[in-house]
Amino acid sequence: MALRTNLASLIKAGGRWRWLPVSEYSSLPPVLNNICSRRKSTAPEKIVASVCDTKGRTPEKALDKLFSPEQQASILHVLNTASDKELEAFRLLRGRKSVNIVEHRKKFGPFQSLESLTDVSLIQYKTAVQVCNSILCPESGRKKKSQEKWLLSEFIKPGVERERIKAANSIISIVFGTRRIAWAHLDRKFKVLDWQQAECWKLTNRIYPSSVYLQEISSVISKMPQADLYILEKSGPSIHNTSLFPILLHFLIIEAMLYALLNKTFAEDGQHRVLSMNRNAVGKHFNLMIGDTRTSGRELVKQLLSDSVLKEEPRVFFPLDRVVQYRQKILKDSHHIEELYDSLLQAVAFYELALGKGSEAQE
């Protein structure tokens with residue numbers, strides 16, 4: 001009988017790795033040679049993508065063989081009747097995959113077999129198995145996260161319940177750079193209660209002592225009004241770019257101190273008062289992205305100011321006695337107040353995304 005060796009015949013004996021001969025031909029029936037390991041689980045059983053031929057390819061109708069006729073009928077009913085939004089509730093079907101299923105259904109008609117699911121763009125065999133499992137067992141032994149909560153977790157850290165955001169009377173949005181810290185105080189009716197910035201240190205090649213940061217940031221916080229939530233912009237250069245390490249360290253120190261100084265009541269009620277919001281999420285919300293780069297929000301802020309005066313129901317309400325002051329500041333210091341623009345836009349985006357307002361909301 002011919003002999004061969006493979007990775008399966010490599011064992012450790014006597015403290016060293018040794019090769020042992022393994023028969024080239026197995027005495028098991030061919031159908032069992034094509035079955036890989038299957039994970040045990042409680043009922044209903046979760047099927048693991050495991051059927052493959054000797055060349056690693058999936059044979060025809062392999063997906064259908066994994067499920068009983070009753071299970072196939074349940075899965076096909078969902079695939080053929082659910083909308084793209086309903087399909088997003090199942091694992092791996094968020095985003096484009098759910099849309100592709102609906103488009104494939106419209107173009108080629110209802111799915112006749114589970115195997116035809118692999119004809120859908122972006123869905124391969126292993127993904128199809130997990131999708132079918134998810135449809136049969138949507139809970140998967142864990143508490144299912146609502147689509148609403150999942151969306152919030154995409155741009156707000158740490159996690160916060162939407163109801164808590166709705167209950168907040170006002171928020172303060174904080175954006176910091178290498179020389180200044182800006183903040184915008186906005187209530188849930190989108191009225192600007194306070195909007196200003198403070199000049200701080202001038203970043204140099206040296207690292208400031210912690211006491212300097214503490215003094216500067218404490219001074220800025222003393223000028224801020226009280227709010228229910230404080231939103232910090234989450235940004236900064238990549239840690240892999242070593243030439244920008246001093247700036248990255250600068251941002252991280254500021255962020256840590258703002259968290260510590262503003263989050264005073266965390267130990268009292270067990271709830272975070274300080275949250276971080278992704279900078280690019282705000283950029284996408286207002287269509288300020290060019291590729292992966294965020295552009296200036298100056299023109300958008302100017303438009304918000306004008307609409308506050310000209311429109312009966314503007315997107316943002318500015319105090320009438322301060323509109324002229326704000327416009328003059330934008331015209332005078334347009335290139336030195338990017339943090340000021342960003343703090344306001346972040347506040348508006350936070351409320352609109354969290355409360356489901358604004359047609360500009362994007363994932």
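Numbers here are sequence positions counted from 1. Treat the numbers as computed from the prediction; the structure is a model and nothing was measured.
Contact of the E313 side chain with the K311 side chain is not registered, since no non-hydrogen atoms from C-beta on lie closer than 4.5 Å. No side-chain heavy atom of D307 sits under 4.5 Å from any side-chain heavy atom of R315. For the pair L344/V301, a side-chain contact is recorded, criterion being any heavy-atom separation below 4.5 Å from C-beta on. Looking at L186 and F350, their side chains never come closer than 4.5 Å, going by heavy atoms from C-beta outward. Within the 4.5 Å cutoff, the side chain of D194 has no heavy atoms near those of the I172 side chain. Using a 4.5 Å heavy-atom cutoff, the side chains of E216 and S218 are not in contact. Annotation: side chain of K97 is in contact with side chain of T127 (closest heavy-atom distance under 4.5 Å). In this structure the side chain of V282 reaches within 4.5 angstrom of the side chain of R294, judged on heavy atoms.
By the neighbour-count criterion of 12 heavy atoms within 6.0 Å, atom CG of L310 is densely surrounded, having more than that number from other residues, nucleotides or ligands. In this structure, E299 places its CD atom where more than 12 heavy-atom neighbours from other residues, nucleotides or ligands lie under 6.0 Å away.
Criterion: ILVMFWY side-chain heavy atoms under 4.5 Å apart, direct or through other members. Under it, I174 and Y213 are part of a common hydrophobic cluster. Residues L193 and F317 are members of separate hydrophobic clusters, defined by side-chain heavy-atom contacts under 4.5 angstrom among Ile, Leu, Val, Met, Phe, Trp and Tyr. In terms of hydrophobic clustering, with Ile, Leu, Val, Met, Phe, Trp and Tyr side chains grouped at heavy-atom distances under 4.5 Å, V212 and I181 are assigned to a common cluster. Taking hydrophobic clusters as Ile, Leu, Val, Met, Phe, Trp and Tyr residues chained together by side-chain heavy-atom distances below 4.5 Å, L114 does not share a cluster with F108. Under the 4.5 Å side-chain contact rule for hydrophobic residues, I253 and V175 do not share a cluster.
Taking CZ from F155 and OG from S276, the interatomic distance works out to 13.0 Å, rounded to the nearest 0.5 Å. One finds the NZ atom of K166 at 15.0 Å from the CZ atom of R164 (value rounded to the nearest 0.5 Å). Within the model, atoms CG of L79 and OG of S98 stand 11.5 Å from one another, a figure rounded to the nearest 0.5 Å. Once rounded to the nearest 0.5 Å, the distance linking CG of L252 with CD1 of I247 reads 12.0 Å. Distance check, rounded to the nearest 0.5 Å: NZ of K302 to OG of S306 gives 8.0 Å. Rounding to the nearest 0.5 Å places OG of S121 at 8.5 Å from CD1 of I123.
In plain terms, the two heavy atoms of I171 and A347 that are nearest each other are CD1-O, 3.9 Å. When all heavy atoms of R188 and A168 are compared, the closest pair comes out as CD-O, 3.5 Å. Summarising the geometry of D187 relative to Y351, their closest heavy-atom pair is O-CE1, 3.3 Å, with the distance given to 0.1 Å. Across every non-hydrogen atom of G297 and L288, the tightest pair is CA-CD1, 4.1 Å. In terms of heavy-atom proximity, L87 sits nearest to L93 at O-CB, 3.2 Å.
Q215 meets the side chain to side chain contact (heavy atoms under 4.5 Å, CB included) test with no other residue; sequence neighbours excluded. Taking the side chain to side chain contact (heavy atoms under 4.5 Å, CB included) definition, one finds that S210 meets it with M257, sequence neighbours left out. With sequence neighbours left out, V309 forms a side chain to side chain contact (heavy atoms under 4.5 Å, CB included) with V323. For R105, there are no salt bridge (charged side-chain N to carboxylate O under 4.0 Å, His left out) partners, not counting sequence neighbours. In this view, S116 and F111, S113, D119 satisfy the side chain to side chain contact (heavy atoms under 4.5 Å, CB included) rule, not counting sequence neighbours.
For the side chain to side chain contact (heavy atoms under 4.5 Å, CB included) with I101, the lone residue among V78, L117, D84 that qualifies is L117. For the pairing with F176, the side chain to side chain contact (heavy atoms under 4.5 Å, CB included) check across H250, E255, E339, Q197 returns one residue only, E255. When each of L275, L353, N278 is checked for a side chain to side chain contact (heavy atoms under 4.5 Å, CB included) with I156, only L275 meets the rule.
Relative orientation of the W195 and Y326 rings is perpendicular, given thresholds of 30° and 60° on the angle between their planes.
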### Verdict with supporting geometry, L262 and I221, side-chain contact (heavy atoms from CB on, under 4.5 Å)
CA-CA 8 Å; L262 291 171; I221 290 178; 3.9 Å; yes

### Message
Set out, in order, the CA-CA distance, both residues' side-chain angles and the distance that settles side-chain contact (heavy atoms from CB on, under 4.5 Å) for V348 and F190, then state yes or no.
### Response
CA-CA 7 Å; V348 175; F190 291 82; 4.3 Å; yes

### Query
Are L304 and F318 close enough, and set up right, to give a side-chain contact (heavy atoms from CB on, under 4.5 Å), and what steps lead you there?
CA-CA 9 Å; L304 293 176; F318 292 88; 4.1 Å; yes

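Between H272 and Y259, the distance separating the two ring centers is not shorter than 6.0 angstrom.
No side-chain donor-acceptor contact under 3.5 Å links R298 to the backbone of Y341. Without hydrogens or angle criteria, S343 side chain to S173 main chain gives no donor-acceptor distance under 3.5 Å.
Between E103 and K106, none of the side-chain N atoms (NZ, or NE/NH1/NH2) sits under 4.0 Å from a carboxylate O, so this pair counts as no salt bridge.
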Donor-acceptor pairs are to be reported for all side-chain atoms of residues 223-233 against protein atoms at under 3.5 Å, with residues two or more places apart or in another chain.
{"from": "D228", "atom 1": "OD2", "to": "N169", "atom 2": "N", "distance (Å)": "2.7"}
{"from": "D228", "atom 1": "OD2", "to": "S170", "atom 2": "N", "distance (Å)": "3.3"}
{"from": "Y230", "atom 1": "OH", "to": "A227", "atom 2": "N", "distance (Å)": "3.2"}
{"from": "E233", "atom 1": "OE1", "to": "S235", "atom 2": "OG", "distance (Å)": "3.3"}
{"from": "E233", "atom 1": "OE2", "to": "R279", "atom 2": "NH1", "distance (Å)": "2.8"}

